[in-house]
Participant: 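Quick one: structure below, then a few questions.
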Amino acid sequence: MTETAPRPTLEAVAARAGVSRATVSRVVNGGDGVRESLVERVRQAVDELGYVPNQAARSLVTKRHDAIAVVIAEPETRVFADPFFAMQLRGISKELTAHDSQLVLLLTEGRADHARVGRYLAGGHVDGALVFSLHLDDPLPGLIQRAGVPTVFGGRPCWSEGTRASGPTVYVDCDNRGGAREAVRHLVGLGRTRIAHITGALDQTSAVDRLDGFRDVMVDVDPRLIVESDFTPGGGERAMRELLDNCPDVDAVFAANDLTAYGAMKVLREEGLRVPEDVAVIGFDDMLPVAEQTEPPLTTVRQDIEEMGRLMARLLLRGLDRRSVRDGIGGAPSSVILPTTLIHRASA
């Protein structure tokens with residue numbers, strides 16, 4: 001076993017900088033009231049000695065842990081297979097890194113995991129939580145509320161009875177309904193008349209909003225042209241087969257996300273139908289690992305997934321920063337809805 005050198009202490013930094021231990025403590029913990037010349041001397045001594053603040057001691061002073069829980073209400077098999085989550089996590093990670101905060105990833109596979117996450121959040125290990133991919137009957141909102149943890153949600157929450165938050169709910173989402181309307185109007189403009197919609201999981205608000213956007217345009221749609229799915233390629237395949245069985249004259253499909261569109265296009269190809277000549281297809285998300293690799297490349301509604309992650313983290317950190325509230329810079333954060341854009345490629 002290799003012996004390690006003793007860690008530099010506050011006293012050693014103070015001696016190197018020629019200041020008191022209290023002055024060093026205020027500088028390394030972000031306190032005020034230290035002249036800039038002394039701050040620079042302390043920082044130089046910290047760099048020279050390689051001093052790393054003790055997080056437990058730092059938390060006692062700052063009342064912060066510099067750690068944020070990211071809670072995804074999905075099993076790990078879904079999280080690591082869907083590029084959406086990787087893109088959102090990348091945005092969150094970039095923002096937290098820029099503010100010297102750690103990301104603590106928590107996934108939920110079942111009810112036992114919900115209880116575990118609730119206990120962890122209530123245990124005071126993190127400063128706040130970023131939560132996304134909630135489902136209608138998810139107990140997480142109630143657990144988080146009882147834990148008293150500042151939270152920003154990814155996507156507009158839909159509270160079931162007994163889980164509605166008592167205070168203001170802050171979330172980041174995109175214009176799901178408006179994006180869906182634009183996609184379907186584009187298909188109508190192409191002269192398509194038998195336009196189908198493969199939904200996402202309808203216990204999530206994004207799927208419901210996209211279905212509502214579809215219905216805004218297709219007011220008197222044949223109910224057989226709406227098939228419920230689950231945002232996965234397999235779900236897209238199953239839904240497309242059902243559509244072809246029940247409505248063989250379908251000439252366009254608006255899919256709730258790119259993975260669903262990918263599955264639908266696979267079935268169309270297997271059945272000898274051409275995209276877009278026979279059936280035009282539009283997705284939602286514009287996840288480049290999917291949209292640019294379908295055959296043909298996928299026309300889709302773009303939401304800035306990475307930016308949504310960054311905004312979630314930014315809003316949470318702004319809410320946690322009491323100094324910004326005091327100085328009138330920030331104040332209580334408000335929810336944000338980002339615009340969407342239809343990206344034209346070859347599938348429609």
Side-chain angles (χ1 to χ4, degrees), residues 65-108 117 120-121 126-135 138 140-141 144 149-158 169-176 178-179 200-201 204-207 209-210 231-232 256-259 283-292 300-321 324 330 332-341 343:
H65 301 276
D66 295 329
I68 300 297
V70 177
V71 185
I72 306 178
E74 299 287 353
E76 63 180 39
T77 50
R78 171 82 192 280
V79 171
F80 294 117
D82 189 335
F84 177 92
F85 297 110
M87 295 169 72
Q88 196 151 40
L89 284 170
R90 184 162 61 235
I92 291 170
S93 179
K94 285 181 179 179
E95 190 68 20
L96 294 183
T97 298
H99 290 83
D100 201 24
S101 289
Q102 301 301 312
L103 185 159
V104 180
L105 181 61
L106 304 174
L107 307 179
T108 60
V117 169
Y120 183 84
L121 296 177
V126 294
D127 299 316
L130 302 170
V131 183
F132 54 93
S133 204
L134 284 174
H135 297 260
D138 206 310
L140 279 173
I144 292 167
V149 179
T151 304
V152 173
F153 293 93
R156 176 177 58 84
C158 182
T169 301
V170 179
Y171 62 87
V172 175
D173 206 347
C174 76
D175 183 8
N176 289 294
Q204 294 186 288
T205 55
S206 58
D209 289 347
R210 292 170 199 180
F231 288 125
T232 68
N257 73 340
D258 293 346
L259 291 177
F284 201 111
D285 284 338
D286 193 31
M287 297 187 295
L288 296 185
V290 180
E292 291 187 341
T300 184
V301 178
R302 183 175 192 269
Q303 59 170 326
D304 196 335
I305 301 169
E306 186 171 326
E307 179 61 16
M308 288 171 66
R310 294 190 72 128
L311 276 173
M312 287 174 63
R314 193 173 302 156
L315 288 175
L316 181 62
L317 293 170
R318 182 185 300 170
L320 292 171
D321 191 349
S324 71
S334 300
S335 297
V336 176
I337 298 177
L338 296 175
T340 58
T341 306
I343 304 299

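Below, each value reflects all heavy atoms present in this structure, side chains not excepted, and no hydrogens, waters or symmetry copies.
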Participant: With rounding to the nearest 0.5 Å, note down the distance linking CG in L105 to CD1 in I68.
Facilitator: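 Here the interatomic distance stands at 13.5 Å.
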Participant: On a heavy-atom basis, which atom in V70 and which in F132 lie closest, and how many Å separate them?
Facilitator: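 Where V70 meets F132 most closely, the heavy atoms are CG1-CE2, 3.8 Å.
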Participant: Would you indicate whether the side-chain heavy atoms of P150 and D127 approach each other to under 4.5 Å?
Facilitator: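 With C-beta onward as the side chain, the pair stays apart.
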Participant: Do you know which two heavy atoms are closest between S335 and V170, and how far apart they sit?
Facilitator: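 Closest approach of S335 to V170: OG-CA, 3.4 Å.
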Participant: Could you go through the side-chain contact (heavy atoms from CB on, under 4.5 Å) check for F153 and D173 one step at a time?
Facilitator: CA-CA 9 Å; F153 293 93; D173 206 347; over 6 Å; no
Participant: Does any part of the side chain of V290, heavy atoms only, come nearer than 4.5 Å to the side chain of T300, both counted from C-beta?
Facilitator: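 Not touching, per the 4.5 Å side-chain cut-off.
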Participant: Can you measure from CD (E95) to CG (L315) and round to the nearest 0.5 angstrom?
Facilitator: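 The distance works out to 9.5 Å.
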Participant: Shortest non-hydrogen contact from S101 to L317?
Facilitator: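 Looking at all heavy atoms of both residues, the closest pair is OG-CD2, 4.1 Å.
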Participant: Main chain of F284, side chain of D258: is a donor-acceptor contact present, judged purely on distance under 3.5 Å?
Facilitator: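 Confirmed, D258 side chain pairs with F284 backbone.
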Participant: Applying side chain to side chain donor-acceptor pair (under 3.5 Å) between N176 and each of R210, R156, Q303, report the one that passes.
Facilitator: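 For N176, the side chain to side chain donor-acceptor pair (under 3.5 Å) test succeeds with only one of R210, R156, Q303, which is R210.
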Participant: Write down the atom of L96, the atom of Q102, and the distance for their closest heavy-atom approach.
Facilitator: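 For L96 and Q102, the tightest heavy-atom pair comes out as CD1-O, 4.2 Å.
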Participant: Between CD of E307 and CZ of R314, what distance do you get to the nearest 0.5 Å?
Facilitator: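 Taking CD in E307 and CZ in R314, the distance rounds to 5.5 Å.
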Participant: Calculate, to the nearest 0.5 Å, the distance between atoms CD1 and CZ belonging to I72 and F80 respectively.
Facilitator: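 Interatomic distance, I72 CD1 to F80 CZ, rounded to 0.5 Å: 7.5 Å.
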Participant: For N257 and F231, indicate whether the former's side chain and the latter's backbone hold a donor-acceptor pair under 3.5 Å.
Facilitator: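 Answer holds: yes.
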Participant: Could you check whether any side-chain N or O of T151 sits under 3.5 Å from a backbone N or O of V149, counting only pairs where one atom can act as donor and the other as acceptor?
Facilitator: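 At least one qualifying donor-acceptor pair exists.
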Participant: What are the two closest non-hydrogen atoms of L106 and A69, and how far apart are they?
Facilitator: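 Shortest heavy-atom contact: CD1-CB, 4.0 Å.
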Participant: Give the minimum heavy-atom separation between T169 and P157, together with the two atoms involved.
Facilitator: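 In terms of heavy atoms, the two residues are closest at CG2-CG, 3.8 Å.
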Participant: I want to check something: taking the side chain as every heavy atom from C-beta on, are L130 and V152 in contact at a cut-off of under 4.5 Å?
Facilitator: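 The answer is yes, as the side chains (C-beta and beyond) meet within the 4.5 Å cut-off.
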Participant: Answer yes or no: is there a side-chain heavy-atom contact under 4.5 Å between S133 and F85?
Facilitator: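 Yes, close enough: below the 4.5 Å cut-off.
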Participant: So M87 and L89, side-chain contact (heavy atoms from CB on, under 4.5 Å) or not? Walk me through it.
Facilitator: CA-CA 5 Å; M87 295 169 72; L89 284 170; over 6 Å; no
Participant: Apply side-chain contact (heavy atoms from CB on, under 4.5 Å) to the pair D100 and D66, showing each step before the final yes or no.
Facilitator: CA-CA 7 Å; D100 201 24; D66 295 329; 5.5 Å; no
Participant: Measuring from atom CD of Q88 to atom CE of M312, what distance do you get when rounded to the nearest 0.5 angstrom?
Facilitator: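 If we round to the nearest 0.5 Å, Q88:CD and M312:CE are 5.5 Å apart.
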Participant: Do L338 and L311 come within less than 4.5 Å of each other through their side chains, counting heavy atoms only?
Facilitator: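 Counting from C-beta outward, L338 and L311 do come under 4.5 Å.
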Participant: Passes side-chain contact (heavy atoms from CB on, under 4.5 Å), L134 versus Y171? Steps please.
Facilitator: CA-CA 12 Å; L134 284 174; Y171 62 87; over 6 Å; no
Participant: Quick one: pull up CG in L320 and CZ in R318 and give me the separation to the nearest 0.5 Å.
Facilitator: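 Spacing of CG (L320) from CZ (R318) equals 12.0 Å.
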